Protein chains: 2
Amino acid sequence: MRPSINVNQTERIVRALERAGYQATPNRRLVARLVAATGGHFTAADLLERGRRERVKIGRATVFRALEVLTALRVVERLELPSGSHAYVVCDPDEHHHHLVCSNCGRSEDVADGELARLVDEVGRRHGYRIETHRLELFGICPLCAAATEVTDPGGRA
Amino acid sequence: MRPSINVNQTERIVRALERAGYQATPNRRLVARLVAATGGHFTAADLLERGRRERVKIGRATVFRALEVLTALRVVERLELPSGSHAYVVCDPDEHHHHLVCSNCGRSEDVADGELARLVDEVGRRHGYRIETHRLELFGICPLCAAATEVTDPGGRA
DNA sequence: TTGACGTTGATACTCGGTCTCATTTGGCGG
DNA sequence: CCGCCAAATGAGACCGAGTATCAACGTCAA
Ligand SMILES: [Zn+2]
Ligand SMILES: [Zn+2]
Ligand SMILES: [Zn+2]
Ligand SMILES: [Zn+2]
């Protein structure tokens, strides 16, 4: 909620761009800002829409292209929701991890790989595969949404 | 490779349809057969194409609809390849599991959830989420493809 | 200044999938 | 066997996300 948080995150994204040799153009800064301002997962259309509401003009292709480079830089990651549709989330580029996503509000948290690595290894060995990549995505109700629901439905008669 | 295997799998799929109250129409049987005949993941377009080669006529929408019900019956599952595109795999409907997919030939194997359940639980607790679903997908090189590669590149100079 | 190169936006296009709607078919009671 | 109705089907329009094309533009260094 505090804007400074987003400013920092915007800066982090911009720096990642520059570090990788991309120009930090106004458009890319804009996308960085929009991305940083999301409290959870988002789509290209979302960004476009929010840009439009702010009266800033940016091409659709440009947004997709920006997301493309941010994805390559692992600053955002594209994930598949249980519904089967896609969404992007901002992401810590520095170490391998997975995502825990609130099915209600869309909030997303990074989850350390932890013991999963060992488990994956084991599966590979058992099946004789040389495993190259894996993907783990967790979906559920975040504490805030759970709290909100409890208030609405106190006690829970189930 | 033995047709009987596929026949059995076809039958299993057809029975799943009937058990769930769907008509086992010729079209659905066809899709079941095509699906059962795949040695790995496939797309709706693949099925259409193979149907066309067999000179059997079936509408595109029908194939999608059949895959839709098979997905609902958990007889097939749709997964997202590392490339970002989608594919379907046949699947054991009877117990929760995940998929291990060969990046080279597309073969897919079911992988028991095993310790993952515990791990998922733990993550939920640590983050305060009530976890509803999770998805794990593993990608790598299957033993057969690995063997084939070894022959081509004996020793491995890396 | 000039040229190379990266970036942009408009637009056309692709691809997977869905929707609509008129027609056909399967299953069933009479 | 007949007739009925719900389920299933196919053709084709439609859709949304993403990509490709291409001409115009910005940046920067020589
Ligand atoms: Zn992340
Ligand atoms: Zn939430
Ligand atoms: Zn293989
Ligand atoms: Zn599982």
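Given the structure is predicted, the values throughout are model-derived calculations rather than measurements. Every chain is numbered from 1 and lettered A, B, ... according to where its sequence line falls, protein lines coming before strand lines.
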Peer 1: Can you tell me the distance, in whole Å, between the CG atom of B:Leu48 and the P atom of D:dG10?
Peer 2: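 Interatomic distance, CG of B:Leu48 to P of D:dG10: 10 Å.
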Peer 1: Classify the ring geometry of B:His96 against B:His134: parallel below 30°, tilted from 30° to 60°, perpendicular beyond 60°.
Peer 2: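 B:His96 vs B:His134 ring planes: perpendicular.
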Peer 1: With heavy-atom distances below 4.5 Å as the criterion, would you say the side chains of B:Cys91 and B:His97 are in contact?
Peer 2: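 Heavy-atom side-chain distance check passes, below 4.5 Å.
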Peer 1: Ignoring backbone atoms, establish whether A:Thr25 has a side-chain N or O less than 4.0 Å from OP1 or OP2 of C:dT7.
Peer 2: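 For C:dT7, OP1/OP2 do not have a side-chain N/O of A:Thr25 under 4.0 Å.
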Peer 1: Between atom CD in B:Glu49 and atom C1' in C:dC15, what is the gap in whole Å?
Peer 2: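 Taking CD of B:Glu49 and C1' of C:dC15, I get 16 Å after rounding.
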Peer 1: Counting only side-chain heavy atoms from C-beta out, which of C:dG6, C:dG9, D:dA7 sits nearest to A:Asn27?
Peer 2: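 The closest nucleotide is C:dG9.
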Peer 1: What string of B, S and - do you get for nucleotides 11-21 of chain D, 5' to 3', if B is base contact, S is sugar-phosphate-only contact and - is no contact with any protein heavy atom under 4.0 Å?
Peer 2: ------SBBBB
Peer 1: How close or far is atom C1' of C:dG26 from atom CG of B:Leu17, stated in whole angstroms?
Peer 2: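 Spelled out: CG on B:Leu17 to C1' on C:dG26 is 15 Å.
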Peer 1: Does a sphere of radius 6.0 Å around CZ in B:Arg74 hold more than 12 heavy atoms from other residues, nucleotides or ligands, not counting ones at 6.0 Å or beyond?
Peer 2: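 Count not over threshold, so no.
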Peer 1: Can B:Glu80 and B:Arg135 be said to form a salt bridge (Lys or Arg N to Asp or Glu O under 4.0 Å), step by step?
Peer 2: CA-CA 10 Å; B:Glu80 182 170 359; B:Arg135 172 190 301 130; 5.6 Å; no
Peer 1: Please report the distance, rounded to the nearest Å, between CG in B:Leu30 and P in D:dT9.
Peer 2: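 In whole Å, D:dT9 P and B:Leu30 CG are 10 Å from each other.
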Peer 1: Reading DNA chain C from 5' onward, which residue's closest nucleotide shows up sooner: A:Gly21 or B:Gln23?
Peer 2: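 Its nearest nucleotide lies further toward 5', so the answer is A:Gly21.
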Peer 1: Look up atom NZ in A:Lys57 and atom CZ in A:Arg52, then write down how far apart they are to the nearest 0.5 Å.
Peer 2: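 Reported to 0.5 Å precision, the distance equals 14.0 Å.
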